[in-house]
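Remarks on the structure that follows.
Note that the structure is a prediction, hence the values are computed from the model and not measured.
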Amino acid sequence: MTPGILILSPSLKVLYRNRRAERLVEHLDGGPVHPWSGKLPDSLVAFCKTVLRVYVQRGMLDASAAPTTCDSVVGANPSVHVRGYGLPSRGNPRQAHLVIVLDEMSH
């Protein structure tokens, strides 16, 4: 199945989302969020802040550096595997754009 993809600005503004991401995000933090409001669930915001913190701690300031990665499992039904990648921003490599990949875990 196709993963959910979110691309976020350094301030966690949603720049891109696919439909699968919308559907999986609805299940985070205990329940549906209809319609997609663009507001991220608290657990996903906390996860994104962790990715950003790791990005800064590792000093990923070189645009040619490998992306910072983190992963987590959130939600209960269904469980969602979340991977986050911090990528240097073109305008300011000290700030990361985030690519979030969401996959539903089979029980």
Side-chain angles (χ1 to χ4, degrees):
M1 185 166 285
T2 304
I5 304 291
L6 293 170
I7 299 176
L8 307 174
S9 72
S11 63
L12 304 184
K13 177 183 175 191
V14 177
L15 302 175
Y16 171 83
R17 67 185 186 272
N18 65 7
R19 288 182 189 230
R20 184 73 179 143
E22 289 177 10
R23 295 179 79 198
L24 291 172
V25 165
E26 289 176 356
H27 296 287
L28 302 178
D29 288 356
V33 178
H34 293 289
W36 171 265
S37 65
K39 182 180 181 310
L40 300 175
D42 293 340
S43 61
L44 192 54
V45 169
F47 175 77
C48 291
K49 288 179 179 180
T50 297
V51 175
L52 290 172
R53 186 174 58 251
V54 169
Y55 175 87
V56 170
Q57 287 173 348
R58 290 185 181 170
M60 303 299 266
L61 305 181
D62 180 357
S64 65
T68 298
T69 61
C70 295
D71 68 322
S72 181
V73 176
V74 294
N77 190 16
S79 293
V80 179
H81 181 229
V82 182
R83 288 170 286 161
Y85 303 89
L87 303 170
S89 173
R90 260 189 276 170
N92 183 353
R94 293 175 189 227
Q95 293 186 329
H97 277 84
L98 299 177
V99 176
I100 305 298
V101 180
L102 304 112
D103 288 301
E104 184 173 348
M105 297 181 67
S106 53
H107 297 286

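- Take Ser11 and apply the side chain to side chain donor-acceptor pair (under 3.5 Å) test, not counting sequence neighbours, and it matches Ser9.
- Contact of the Asp103 side chain with the Arg83 side chain is registered, since non-hydrogen atoms from C-beta on lie closer than 4.5 Å.
- Checked against side chain to side chain contact (heavy atoms under 4.5 Å, CB included), Val45 has the following partners two or more places apart in sequence or in another chain: Leu12, Leu40, Lys49.
- Between Ile100 and Ile5, the closest side-chain pair of non-hydrogen atoms is not below 4.5 Å.
- With Val82 as the fixed residue, the side-chain contact (heavy atoms from CB on, under 4.5 Å) test singles out one of Leu44, Val51, Val101: Leu44.
- By the salt bridge (charged side-chain N to carboxylate O under 4.0 Å, His left out) test, Arg20 is found to be paired with Glu104, residues two or more places apart in sequence or in another chain being considered.
- When all heavy atoms are compared, the tightest approach of Ala21 to Leu102 is CB-CD1, 4.0 Å.
- Remark: Leu87 CG to Leu98 CG distance equals 8.0 Å, nearest 0.5 Å.
- Between Leu15 and His97, the closest side-chain pair of non-hydrogen atoms falls below 4.5 Å.
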